[in-house]
S.K.: 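Please see the structure below; I have some questions.
Quantities reported herein were computed from a predicted structural model and do not represent experimental measurements.
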Amino acid sequence: MERGALQVRFSISIGGLAMFLLKAWRVSVFGAYGYLNFTKSAFSEHSKMFKPEDMQANIEGKNCIVTGANSGIGYATAEGLASRGATVYMVCRNKERGEAALSEIKSKTGNQNVHLEVCDLSSIRDVKSFSSNFISKNVPVHVLVNNAGLLENNRVTTSEGFELNFAVNVLGTYAMTELMMPLLEKAAPDAKVITVSSGGMYSVPLTNDLQFSEEKFDGAKQYALNKRVQVALTEKWAEKYSNKGIGFYSMHPGWAETPGVAKSLPSFTKSLSGKLRTREEGADTIIWLALQPNEKLVPGAFYFDRSEAPKHLAFAATKSSHATIGSIYDHLRSLSGLAH
């Protein structure tokens, strides 16, 4: 009996050690990969392969929605699309900051077809209200950029009972995309959904623990887990709606200097001072994706610096975890109260 118990304890300790080493490997290889690829200097190097003509399209008459558009990468995306003639709908949580950004973009680009929509992505009620009002406009949506994101280091629960990071990054993004489907279909076969993920997702597998049940809350890890869900969700959407004429893509902007990063990760921002990308460099691949015809892109793919990128790092053992996206998708539908 004692021998059997000892064997069980030994196998558990070996399993625990293996998991510890795997987690350490993921973090280490992500750090090294990121330092080599996600910085400002890496963007300069990668940009030598860019084709300037890819960014010269005029998209006048196309309707683009950008969430989280009042600052950072969202602002640069909205400005970049507006400067190429698009009608842009900036979805912002804060009305005052949104109005200031709207005024700036109109002034800089000379494009008056830029509009502010106020919506808090952390609230399913708000997302449903926004979607209902927007659908009544009956305009085709050619591009939906799911950019709004949050890294809250403390455990915060929304008034609807959801963990705040998850509410914005996953549930709000999921609901916004699903509810915009009728208008995206109106723009088919030119419609696309671009979801802004993060390289942090490389450090974690997909998990069913969407709202971080661990006792000691880790905001950075939860953010990474959320971003992994976004990549897997994009695959799911591409598969589920493959006959709709809508392209679904996720992307990673690199390590960019934005107000959100400075607030949420001050030590990271300080340690990489001078090495972080500008918001425009972070937004570059989003705009590139928006301008490319869907037939040139890979459905459900993850993009970085205008190229398809791997979704998993070597020996990180995250690939098989994506098999759970079906049950996660169903759970999100249930949590958001969307009809089947």
S.K.: Give the minimum heavy-atom separation between H142 and A187, together with the two atoms involved.
M.R.: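 Shortest heavy-atom separation between H142 and A187 comes out as CD2-CB, 3.6 Å.
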S.K.: When you measure from the side chain of N165 to the backbone N and O of Y223, does any donor-acceptor pair fall under 3.5 Å?
M.R.: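 No, N165 side chain to Y223 backbone: no donor-acceptor pair under 3.5 Å.
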S.K.: Same hydrophobic cluster for F166 and L233, using side-chain heavy-atom links shorter than 4.5 Å among ILVMFWY?
M.R.: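 Yes, it is one cluster - the side chains of F166 and L233 are joined through contacts under 4.5 Å.
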S.K.: Report yes or no: does R277 contribute a side-chain atom to a donor-acceptor pair with the main-chain N or O of F38 at less than 3.5 Å?
M.R.: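 Such a contact is found between R277 side chain and F38 backbone.
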S.K.: Could you grab the distance from atom CZ of F43 to atom CD of E280, nearest 0.5 Å is fine?
M.R.: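 F43 CZ to E280 CD: 10.0 Å, rounded to 0.5 Å.
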S.K.: How far does CE of M55 sit from CD1 of I287, to the nearest 0.5 angstrom?
M.R.: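 The CD1 atom of I287 is 5.0 Å from CE of M55, to the nearest 0.5 Å.
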S.K.: Does N70 have any side-chain contact (heavy atoms from CB on, under 4.5 Å) partners at least two apart in sequence or in another chain, and if so, which?
M.R.: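 So N70 forms a side-chain contact (heavy atoms from CB on, under 4.5 Å) with C92, R97, A101.
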S.K.: Taking the side chain from S203 and the backbone from G200, do they hold a donor-acceptor pair closer than 3.5 Å?
M.R.: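 Such a contact is found between S203 side chain and G200 backbone.
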S.K.: Going by distance alone, is a donor N or O of one side chain under 3.5 Å from an acceptor N or O of the other, for T177 and N146?
M.R.: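 Yes, N146 and T177 have a side-chain donor paired with an acceptor closer than 3.5 Å.
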S.K.: Do C119 and E117 have side chains that get closer than 4.5 Å, going by heavy atoms?
M.R.: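 In short, these two side chains do not touch, never coming nearer than 4.5 Å.
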S.K.: Quick one: OG1 on T207 to CZ on R228, what's the gap to the nearest 0.5 Å?
M.R.: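 Atom-to-atom, T207:OG1 and R228:CZ are 12.0 Å apart.
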S.K.: Are S197 and Q230 packed together at the side-chain level, in the sense that at least one heavy-atom pair is separated by less than 4.5 angstrom?
M.R.: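 Touching, per the 4.5 Å side-chain cut-off.
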S.K.: Look only at the side chain of K128 and the backbone of L179, and say whether a donor-acceptor pair between them is shorter than 3.5 Å.
M.R.: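 Such a contact is absent between K128 side chain and L179 backbone.
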S.K.: Roughly how far, to the nearest 0.5 Å, is CG of L116 from CD of E99?
M.R.: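 Answer rounded to 0.5 Å: 6.0 Å.
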S.K.: Closer than 3.5 angstrom, by distance alone: can the side chain of E214 be matched with the main-chain N or O of K216 as a donor-acceptor pair?
M.R.: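 Absent.
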S.K.: Verify side-chain contact (heavy atoms from CB on, under 4.5 Å) between R93 and V118, making sure each step is shown before the conclusion.
M.R.: CA-CA 6 Å; R93 179 176 59 88; V118 178; over 6 Å; no
S.K.: How long is the straight-line distance from CG of L335 back to CD1 of I328, given to the nearest 0.5 Å?
M.R.: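 Going from CD1 on I328 over to CG on L335, the span is 11.5 Å.
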S.K.: Using 30° and 60° as the class boundaries, would you call the ring planes of Y202 and F302 parallel, tilted or perpendicular?
M.R.: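 If you compare the ring of Y202 with that of F302, the planes turn out perpendicular.
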S.K.: Please list, chain by chain and in numerical order, all residues satisfying side-chain contact (heavy atoms from CB on, under 4.5 Å) with N138, sequence neighbours excluded.
M.R.: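 So N138 forms a side-chain contact (heavy atoms from CB on, under 4.5 Å) with K186.
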S.K.: Assess whether atom NZ of K95 is packed by more than 12 heavy atoms of other residues, nucleotides or ligands within 6.0 Å.
M.R.: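 No, the 6.0 Å shell around NZ holds no more than 12 heavy atoms from other groups.
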S.K.: Check whether any side-chain heavy atom of L206 lies under 4.5 Å from a side-chain heavy atom of V229, and answer yes or no.
M.R.: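 With C-beta onward as the side chain, the pair touches.
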S.K.: Judged by atom type as modelled, is there a donor-acceptor pair below 3.5 Å linking the side chain of T158 to the main-chain atoms of L164?
M.R.: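 Flag not set: sc T158 to bb L164 has no pair under 3.5 Å.
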S.K.: Count the heavy atoms belonging to other residues, nucleotides or ligands that lie under 6.0 Å from CD of E308, then report whether that count exceeds 12.
M.R.: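 Result for CD/E308: enclosed.
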S.K.: Is there a donor-acceptor contact under 3.5 Å from the side chain of S103 to the main chain of A100?
M.R.: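 Looks like no, no N/O pair under 3.5 Å.
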S.K.: Between N63 (side chain) and P140 (backbone), is there a donor-acceptor pair under 3.5 Å?
M.R.: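 Checked: pair present.
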S.K.: Is there a donor-acceptor contact under 3.5 Å from the side chain of N294 to the main chain of P189?
M.R.: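 Checked: pair present.
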S.K.: With sequence neighbours left out, what residues match A290 under side-chain contact (heavy atoms from CB on, under 4.5 Å)?
M.R.: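 Once residues adjacent in sequence are excluded, the partners of A290 under the side-chain contact (heavy atoms from CB on, under 4.5 Å) criterion are L81, V143, I194.
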S.K.: Say whether I286 and L276 are linked into one hydrophobic cluster, either directly or through other cluster members, by side-chain heavy-atom distances under 4.5 angstrom.
M.R.: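 Hydrophobic grouping puts I286 apart from L276.
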S.K.: With side chains defined as the heavy atoms from C-beta onward, is the minimum distance between F130 and T67 less than 4.5 Å?
M.R.: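 Sidechains of T67 and F130: no contact.
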S.K.: Between D305 and N37, is the side-chain contact (heavy atoms from CB on, under 4.5 Å) condition met? List the steps.
M.R.: CA-CA 9 Å; D305 285 350; N37 291 283; over 6 Å; no
S.K.: Does any part of the side chain of F217, heavy atoms only, come nearer than 4.5 Å to the side chain of E163, both counted from C-beta?
M.R.: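 The answer is yes, as the side chains (C-beta and beyond) meet within the 4.5 Å cut-off.
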S.K.: Distance check, rounded to the nearest 0.5 Å: R84 atom CZ versus Q56 atom CD?
M.R.: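 Output value for this atom pair is 9.0 Å.
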S.K.: Are S122 and D120 linked by a side-chain donor-acceptor pair shorter than 3.5 Å?
M.R.: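 Distance-only check passes for S122 and D120.
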S.K.: Are F248 and V298 in one and the same hydrophobic cluster, where Ile, Leu, Val, Met, Phe, Trp and Tyr link if side-chain heavy atoms are under 4.5 Å apart?
M.R.: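 No: no chain of side-chain contacts under 4.5 Å links F248 to V298.
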S.K.: Looking only at heavy atoms, which two atoms of S123 and E160 are closest? And how far apart?
M.R.: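 Scanning both residues, the minimum pair turns out to be OG-OE2, 3.0 Å.
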S.K.: Please say whether the positively charged group of R306, taken as NZ for Lys or CZ for Arg, lies over the ring of F50, i.e. under 6.0 angstrom from the six-membered ring centre and within 45 degrees of the axis.
M.R.: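 Yes.
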S.K.: Begin from the C-alpha positions of T157 and Q211 and carry the test side-chain contact (heavy atoms from CB on, under 4.5 Å) through to its verdict.
M.R.: CA-CA 10 Å; T157 304; Q211 299 192 65; over 6 Å; no
S.K.: Group every Ile, Leu, Val, Met, Phe, Trp and Tyr by side-chain heavy-atom contacts under 4.5 Å, then state whether L289 and V193 land in the same group.
M.R.: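 No: no chain of side-chain contacts under 4.5 Å links L289 to V193.
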S.K.: In the structure I gave you, are the side-chain heavy atoms of T173 and T195 within less than 4.5 Å of one another anywhere?
M.R.: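 Yes, side chains in contact.
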S.K.: May I ask you to check whether over 12 heavy atoms, not counting those of K51, lie within 6.0 Å of atom NZ?
M.R.: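 Not buried by this count: 12 neighbours or fewer within 6.0 Å.
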S.K.: Is there a side-chain contact between Q112 and K106, using heavy atoms and a 4.5 Å cut-off?
M.R.: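 They are in side-chain contact.
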S.K.: Would you mind writing out the side-chain donor-acceptor pairs for residues 236-246 within the sub-3.5 Å range, not counting sequence neighbours?
M.R.:
{"from": "W237", "atom 1": "NE1", "to": "E178", "atom 2": "OE2", "distance (Å)": "2.8"}
{"from": "Y241", "atom 1": "OH", "to": "E178", "atom 2": "OE1", "distance (Å)": "2.6"}
{"from": "S242", "atom 1": "OG", "to": "E239", "atom 2": "O", "distance (Å)": "3.4"}

S.K.: Measuring only between side-chain heavy atoms, which start at C-beta, is N226 closer than 4.5 Å to F212?
M.R.: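 Side chain of N226 against side chain of F212, heavy atoms only: no contact under 4.5 Å found.
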S.K.: What pairs with N111 under side-chain contact (heavy atoms from CB on, under 4.5 Å), at least two apart in sequence or on another chain?
M.R.: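 Partners of N111 by the side-chain contact (heavy atoms from CB on, under 4.5 Å) criterion, ordered by chain and then number, come out as A82, T109, N113, V114.
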S.K.: Should I73 and M90 be regarded as members of a common hydrophobic cluster, given that ILVMFWY residues are connected when their side-chain heavy atoms come within less than 4.5 Å of each other, either directly or indirectly?
M.R.: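 Hydrophobic grouping puts I73 with M90.
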S.K.: Would the distance check show the side chain of S131 and the main-chain N or O of V127 forming a donor-acceptor pair, the cut-off being under 3.5 Å?
M.R.: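 Yes; at least one donor-acceptor contact below 3.5 Å.
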S.K.: Classify the ring geometry between H252 and F304 as parallel (under 30°), tilted (30 to 60°) or perpendicular (over 60°).
M.R.: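 Rings of H252 and F304: parallel, as their planes differ by under 30°.
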S.K.: Please say whether more than 12 non-hydrogen atoms of neighbouring residues, nucleotides or ligands are located less than 6.0 Å from NZ in K108.
M.R.: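 Correct, the count exceeds 12.
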S.K.: According to ring pair (Phe, Tyr, Trp, His ring centres under 6.0 Å), does anything in residues 62-92 pair up with another residue at least two apart or in another chain? List the pairs.
M.R.: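 Listed by first then second residue: Y89-H115, Y89-F134.
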